[in-house]
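Chain naming here is simple, since letters A, B, ... match the order of the sequence lines and numbering starts at 1 in each.
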Amino acid sequence: MRPARPAAGVLHDLVLPWYAAHQRDLPWRRPDRSPWGVLVSEVMLQQTPVSRVLPVWQRWMSLWPTPSALADAAAGEAVREWGRLGYPRRALRLHAAAVAVRDDHGGVVPAEEAVLRTLPGVGDYTAAAVAAFAFGRRATVVDTNVRRVHARAVTGTALPAPSLSRAEVELATALLPEDDARAAVWNVAVMELGALVCTARAPRCGDCPLATVCAWRLAGSPAHDGPPRRGQAWQGTDRQCRGRMVQLLRDSTEPVPGDALRAVWPEEAQRDRCLDALVAEGLVEPLDGGLFRLPGLAS
DNA sequence: GATACGTGGGC
DNA sequence: TGCCCAAGTAT
């Protein structure tokens with residue numbers, strides 16, 4: 001027979017003390033961090049490991065300690081300082097979000113989830129995370145870590161489905177402590193558990209505070225049965241081509257001739273299509289004389 | 001809802 | 001050695 005799902009209170013009493021003892025000391029969690037710092041961290045952490053975010057976040061905070069400071073800089077500076085974090089459009093959107101905060105919200109990062117959600121690059125997850133972590137609000141934060149912990153501990157499956165379901169959001173909401181401050185800690189605690197212990201590849205169940213109540217463990221840790229997860233192709237893709245072009249511009253102080261930009265990719269049609277797309281998206285700015293640069297930089 | 005979107009490290 | 005994965009968003 002199937003093991004009973006652990007009650008919310010039981011999960012709270014196991015996970016919250018674990019988090020108090022094992023949480024990482026991350027700069028965007030310190031008492032002196034600002035809501036802006038939290039927002040920047042959340043966008044940087046989208047699909048990106050903590051270890052790679054740390055130095056870039058520190059640099060951004062020193063350059064642009066407030067939304068207005070970033071808004072007053074060129075978008076291309078944001079892309080340049082993004083470095084090799086990946087998905088550089090996030091830098092562009094963070095810059096656009098800073099402009100929106102400066103122009104529409106008095107330079108103050110909004111605390112309401114619904115308002116945060118209107119900022120460029122801020123989706124359901126990031127809006128909830130900023131409301132919870134920067135402002136202590138009782139928000140339902142569902143990221144890939146939370147989904148995996150819930151899938152195992154509560155639902156009893158090895159991995160969550162490819163896409164977020166309504167049932168998962170309802171489960172996460174049902175598990176949220178009533179108290180605002182406690183709810184905010186619960187959110188980050190479950191994420192931390194997923195990041196450090198209940199990992200995707202090789203979960204460290206021996207160190208898990210939920211091992212005795214985990215539905216997946218109690219069912220014998222059955223293997224993932226759903227469709228195999230599709231890896232992302234890389235060699236020869238537009239993404240690889242775009243990555244090379246943006247990297248060249250990022251590493252160049254001066255505007256780059258179109259010939260030099262096109263030289264990073266052998267196939268004409270694909271290369272031209274990628275460059276056009278980068279320009280259309282605002283990641284690359286065309287200048288007179290067949291030159292290109294990151295957007296908005298003085299030259 | 002499926003797909004595009006970067007990058008590098010770990011197993 | 002590759003394959004898988006990392007605090008998602010926008011279209």
Side-chain angles (χ1 to χ4, degrees), chain A residues 19 23-24 26-29 37-57 79 82-94 96-97 116-134 139-150 158-166 168-169 172 184 187-196 198-204 224 227-250 264 270 273-274 277-278 280-283:
Chain A
Y19 179 70
Q23 62 177 290
R24 288 169 292 180
L26 301 173
W28 45 85
R29 288 181 185 165
V38 173
L39 173 57
V40 171
S41 77
E42 290 302 338
V43 174
M44 287 183 173
L45 286 163
Q46 292 167 7
Q47 304 285 284
T48 309
V50 166
S51 59
R52 286 172 44 211
V53 167
L54 279 168
V56 182
W57 185 88
V79 174
W82 195 254
R84 304 183 66 82
L85 280 187
Y87 295 145
R89 55 172 55 167
R90 289 183 292 167
L92 216 50
R93 293 190 177 132
L94 209 33
L116 285 161
R117 188 68 179 74
T118 68
L119 299 174
V122 176
D124 289 338
Y125 161 76
T126 303
V130 172
F133 306 148
T140 300
V141 180
V142 185
D143 78 327
T144 188
N145 290 304
V146 171
R147 295 185 65 213
R148 191 172 52 251
V149 171
H150 289 174
L159 293 171
S163 57
L164 178 65
S165 71
R166 176 159 184 168
E168 288 179 87
V169 176
N187 279 318
V188 71
V190 176
M191 287 175 62
E192 192 78 335
L193 185 63
L196 297 182
C198 193
T199 54
R201 205 84 65 92
R204 302 166 55 194
H224 177 60
R229 300 148 94 86
R230 305 180 58 84
Q232 303 172 340
W234 178 247
Q235 290 299 324
T237 60
D238 285 7
R239 295 161 84 165
Q240 185 182 29
C241 177
R242 292 163 55 104
R244 287 186 187 176
M245 289 182 173
V246 172
Q247 179 178 358
L248 182 63
L249 292 167
R250 212 170 40 218
V264 305
Q270 184 178 23
R273 174 162 45 80
C274 287
L278 288 170
E281 292 168 33
L283 225 30

ask   = Hey, does the side chain of A:Glu192 reach the backbone of A:Tyr19 with a donor-acceptor pair shorter than 3.5 angstrom?
value = no
ask   = Taking the same atom, P, in B:dG6 and in C:dT11, what whole-Å distance lies between them?
value = 14 Å
ask   = With sugar-phosphate meaning primed atoms plus P, OP1 and OP2, does A:Gly123 contact a base, only sugar-phosphate, or nothing at under 4.0 Å between heavy atoms?
value = sugar-phosphate
ask   = Looking for any heavy atom pair under 4.0 Å, which part of the strands does A:Thr126 touch: base, sugar-phosphate only, or nothing?
value = sugar-phosphate
message = At 4.0 Å (heavy atoms only), tell me whether A:Leu94 reaches a base, stays on the sugar-phosphate, or touches nothing.
response = nothing
ask   = Does A:Gln46 put a side-chain nitrogen or oxygen below 4.0 Å from OP1 or OP2 of C:dA7?
value = no
ask   = Atom CG of A:Leu119 to atom P of C:dG8: distance rounded to whole Å?
value = 18 Å
ask   = Do A:Tyr125 and A:Gln46 have a side chain donor and acceptor closer than 3.5 Å?
value = no
inquiry  = Nearest whole Å is fine: how far is B:dG8 P from A:Leu85 CG?
reply    = 10 Å
Touch class at under 4.0 angstrom, heavy-atom based, for A:Ala200 against every strand present = sugar-phosphate
N or O in side chain of A:Arg90 less than 4.0 angstrom from B:dA4 OP1/OP2 = no
message = Can you work out whether A:Arg117 or A:Gln232 has the more 5'-proximal nearest nucleotide on DNA chain C?
response = A:Gln232
key: Most 5' of A:Thr237 and A:Arg201 on DNA chain B, judged by nearest nucleotide   = A:Thr237
ask   = Quick one: is C:dC5 close enough that its OP1 or OP2 comes under 4.0 Å of any side-chain N or O from A:Thr144?
value = no
query = Roughly how far, to the nearest 0.5 Å, is CG of A:Leu116 from OG1 of A:Thr126?
reply = 9.5 Å
message = Using whole Å, what does the distance between atom C1' of nucleotide B:dC5 and atom OH of A:Tyr87 come to?
response = 5 Å
ask   = A:Arg147 CZ to C:dC5 P: how many Å, rounded?
value = 13 Å
key: C1'-based separation of B:dA2 from C:dA7 [nearest Å]   = 23 Å
request  = Specify the separation, in whole Å, of atom CZ of A:Arg84 and atom P of B:dC5.
outcome  = 18 Å
message = Under 4.0 Å, counting only non-hydrogen atoms across every strand here, what does A:Val146 touch: a base, just sugar-phosphate, or nothing?
response = nothing
task = Could you check whether A:Pro88 gets within reach of a base, just the sugar-phosphate, or nothing at all, counting any heavy atom under 4.0 Å?
result = sugar-phosphate
task = Would you classify A:Trp28 as touching base, sugar-phosphate or nothing, given that sugar-phosphate means primed atoms plus P, OP1 and OP2, and contacts are heavy atoms under 4.0 Å?
result = base
ask   = Got a donor-acceptor pair under 3.5 Å from the side chain of A:Arg89 to the base of B:dC5?
value = no
request  = Look at the side chain of A:Thr48 and the base of B:dG6, then say whether one donor and one acceptor between them are separated by less than 3.5 Å.
outcome  = yes
message = By the 4.0 Å heavy-atom rule, please label A:Arg166 as base, sugar-phosphate, or nothing.
response = nothing
query = Are A:Arg52 and B:dT7 close enough that a side-chain N or O sits under 4.0 Å from OP1 or OP2?
reply = no
key: Closest nucleotide among B:dG6, C:dC4, C:dA7 to the A:Arg29 side chain   = C:dA7
task = Could you state the atom-to-atom distance from CE of A:Met245 to P of B:dG6 in whole Å?
result = 12 Å
query = Over how many whole Å does the gap from A:Gln47 atom CD to B:dG8 atom P extend?
reply = 16 Å
request  = Take the protein atom CG of A:Leu159 and the nucleotide atom C1' of C:dC5, then report the distance between them rounded to whole Å.
outcome  = 11 Å
request  = Determine: side-chain N/O of A:Arg148 to OP1/OP2 of C:dA6, distance under 4.0 Å, yes or no.
outcome  = yes
ask   = Does atom CZ of A:Arg166 have more than 12 heavy-atom neighbours, drawn from other residues, nucleotides or ligands, at distances under 6.0 Å?
value = no
task = Salt-bridge test for A:Glu281 and A:Arg242: reply yes if a basic N is under 4.0 Å from a carboxylate O, no otherwise.
result = yes
request  = Mind checking A:Gln240 for me? I need base, sugar-phosphate or nothing, with any heavy atom below 4.0 Å counting as a touch.
outcome  = nothing
ask   = Going by distance alone, is a donor N or O of one side chain under 3.5 Å from an acceptor N or O of the other, for A:Tyr87 and A:Arg239?
value = yes
inquiry  = For the residue pair A:Arg90 / A:Thr48, report whether a side-chain donor-acceptor contact shorter than 3.5 Å exists.
reply    = yes
